[in-house]
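What follows is a short report on a single structure.
Chain naming here is simple, since letters A, B, ... match the order of the sequence lines and numbering starts at 1 in each. The shown structure was predicted, so the numbers you read here are calculated from the model rather than taken from an experiment. As a basis for the values below, the full set of heavy atoms in this structure was taken, side chains included, without hydrogen atoms, waters or symmetry mates.
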Amino acid sequence: MSLAIPRRRSAKQRLAIPRPLQGWLLPIALVVAWELLSRLGLVAPNLLPAPTTVLQTILTMARSGELFRHVGITLYRVVLGFGIGTLVATVLGALTGYSRTAHAYLDPLLQALRNIPSIAWVPLFILWLGIYESSKVTLIAVGVFFPVYLNLMSGIQGVDRKLVEVGKIYRLSQLQLVRRVFLPATLPAYLVGLRNGLGLGWMFVVAAELMGASQGLGYLLIDGQTTGRPAVIIASIVLFALLGKLTDSGLSAISQRLLYWQDSYGARG
Amino acid sequence: MLYIENVHKQFDNGLLALEGIDLAIKPGEVVSLVGTSGCGKSTLLRIVAGLEFPTLGAALIDGEVITAPHPKVGLIFQEARLMPWLTVAENIQFGLKDLPRLEQQWRTEQVLQKVHLTNFAEALPRQLSGGMAQRVAIARALVTQPSMLLLDEPFSALDAFTRTQLQDHLLDIWAEDHPTLLLVTHDVEEALVLSDRIIVLRPHPGRIHRELAIELPRPRRRTSLEFQRLKEQLIGDLDLTPGLDLVKR
């Protein structure tokens with residue numbers, strides 16, 4: 001018996017792919033298959049260029065510096081829109097979550113506005129703010145606002161009454177109660193809101209740039225379409241995926257560091 | 001000295017939870033409130049804790065009407081209610097923030113020793129068992145050096161072994177500085193093991209049915225004849241007529 005157990009373990013270990021690599025397996029297989037199909041001439045290159053062609057396009061754009069200009073401006077729009085949206089959502093969400101009066105006055109209006117598809121604001125924003133940066137950043141900020149606002153508000157409302165009572169027993173002031181109970185207790189919901197918001201930020205930057213931009217990754221999409229270069233379109237999509245994933249992973253890493261104390265299924269060894 | 005004078009409590013929905021409660025508790029006394037559910041025993045404790053307020057009458061500590069949680073009163077809940085983001089030591093220091101850092105640390109070490117958790121100072125609540133978590137909650141209440149401890153069914157969520165252990169532990173702690181203990185429980189045996197006096201409450205509306213002084217010497221043997229006799233008497237006082245609750249609803 002005592003011999004059988006270690007032997008079984010080592011057999012399992014030899015077969016196992018390390019956990020972080022498991023997620024890479026399927027995408028790599030797909031890309032390889034795609035490349036093979038392209039080389040064999042089974043897909044038309046004017047509709048779906050091979051992965052190597054897409055990579056080449058990206059490298060060419062990188063060499064000319066064009067790539068960094070487009071990526072830079074798109075990142076700038078997302079970061080600025082995300083920042084503004086988060087800031088406003090945090091103030092209003094904290095207010096409506098914590099104060100019943102604020103909730104009664106503000107929340108119905110905000111919930112009503114939330115039901116307007118955000119893209120519907122575009123003509124109005126362009127009319128008010130022009131076709132340059134302001135209207136794009138505003139659109140992104142609006143997209144980011146709602147998930148952050150909603151998660152923060154419901155997070156605060158969902159704080160365990162029993163923990164709040166412990167704070168009261170120790171005669172914490174309102175401000176101390178916020179800082180020492182509400183803030184840490186709300187953090188998980190808030191961080192989920194930020195991640196959702198960031199995802200929407202990336203969605204809305206595409207929408208904003210599709211509607212009229214002279215640079216940015218969204219502009220590359222349109223440019224690729226009008227000039228008949230599918231490699232540029234796919235390159236742009238790949239870059240969106242890459243940037244979106246990268247920023248999300250960053251936020252996710254920050255979340256995990258801040259929420260080390262959580263006793264959840266996902267946090268297990 | 002704790003005085004409860006003619007306390008009535010009517011909830012917003014019209015339910016009369018307590019009616020005409022009078023009670024005096026001496027410093028260092030151990031008193032249990034027992035009763036079936038709905039008899040208002042927890043409500044009475046929460047009034048003493050300053051978390052709820054009587055509709056009529058008042059509760060007074062050392063001559064002062066209780067209008068907010070009192071600094072000399074510690075409260076232990078049914079659940080440990082630890083802040084999951086704080087370590088054991090930080091949880092214990094939760095109510096100590098006005099004291100100098102060094103004093104906080106010294107006191108924390110003292111109470112950690114008292115509840116035998118010195119090695120767990122840096123652990124997070126999620127790493128603790130139910131009994132350990134409740135010991136941390138006791139330490140958090142003790143660290144402010146209260147002259148009165150209120151306990152709201154403190155061991156009812158624990159298994160039988162841990163419960164007996166913690167009851168003995170509570171008595172050890174009490175033997176050291178003799179804080180007043182006011183305990184709510186529905187466990188007749190627990191009340192008999194711990195108390196100098198047992199107050200039996202009956203519901204609809206909650207009122208004191210009977211007071212029972214327990215003069216058995218400590219430590220008390222749960223198996224002694226006298227203990228068993230008192231237990232039987234108490235169960236009779238509780239009026240556990242089966243089905244009565246069901247009929248009323």
Using heavy-atom distances under 4.5 Å, tell me whether [X] contacts chain A through its side chain, its backbone, both, or neither.
{"X": "B/P71", "value": "both"}
{"X": "B/T144", "value": "side chain"}
{"X": "B/E79", "value": "side chain"}

**Prompt:** Side chains of A/E165 and B/L75: closer than 4.5 Å at any heavy-atom pair?
**Reply:**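 A/E165 vs B/L75: side chains apart.
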**Request:** Indicate yes or no: at least one non-hydrogen side-chain atom of B/P84 is less than 4.5 angstrom from one of A/L163.
**Result:** yes
**Request:** Please check if atom CZ in B/F161 has more than 12 non-hydrogen atoms from other residues, nucleotides or ligands closer than 6.0 Å.
**Result:**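 No, not enclosed.
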**Request:** Answer yes or no: does atom CZ of B/F53 have more than 12 heavy-atom neighbours from other residues, nucleotides or ligands under 6.0 Å?
**Result:** yes
**Prompt:** How long is the span from the CZ atom in A/R180 to the CD atom in B/E90, to the nearest 0.5 Å?
**Reply:**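 Answer rounded to 0.5 Å: 10.5 Å.
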**Neighbours of chain A found in residues 95-115 of chain B - heavy atoms under 4.5 Å** =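 Within residues 95-115 of chain B, the residues under 4.5 Å from chain A are B/G95, B/K97.
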**Asked** Checking heavy atoms, do the side chain of A/L187, its backbone, both or neither come under 4.5 Å from chain B?
**Response** neither
**Item:** Check against side chain to side chain contact (heavy atoms under 4.5 Å, CB included), B/R81 and A/D160
**Value:** CA-CA 9 Å; B/R81 300 200 187 182; A/D160 193 349; over 6 Å; no
**Asked** If every non-hydrogen atom of B/F94 is compared with every non-hydrogen atom of A/Y170, which pair is closest and at what distance?
**Response**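 Answer, listing the atom of B/F94 first, then A/Y170: CD2-CD1, 3.9 Å.
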**Asked** Are any side-chain N or O atoms of A/R171 and backbone N or O atoms of B/A68, one a donor and one an acceptor, separated by less than 3.5 Å?
**Response** no
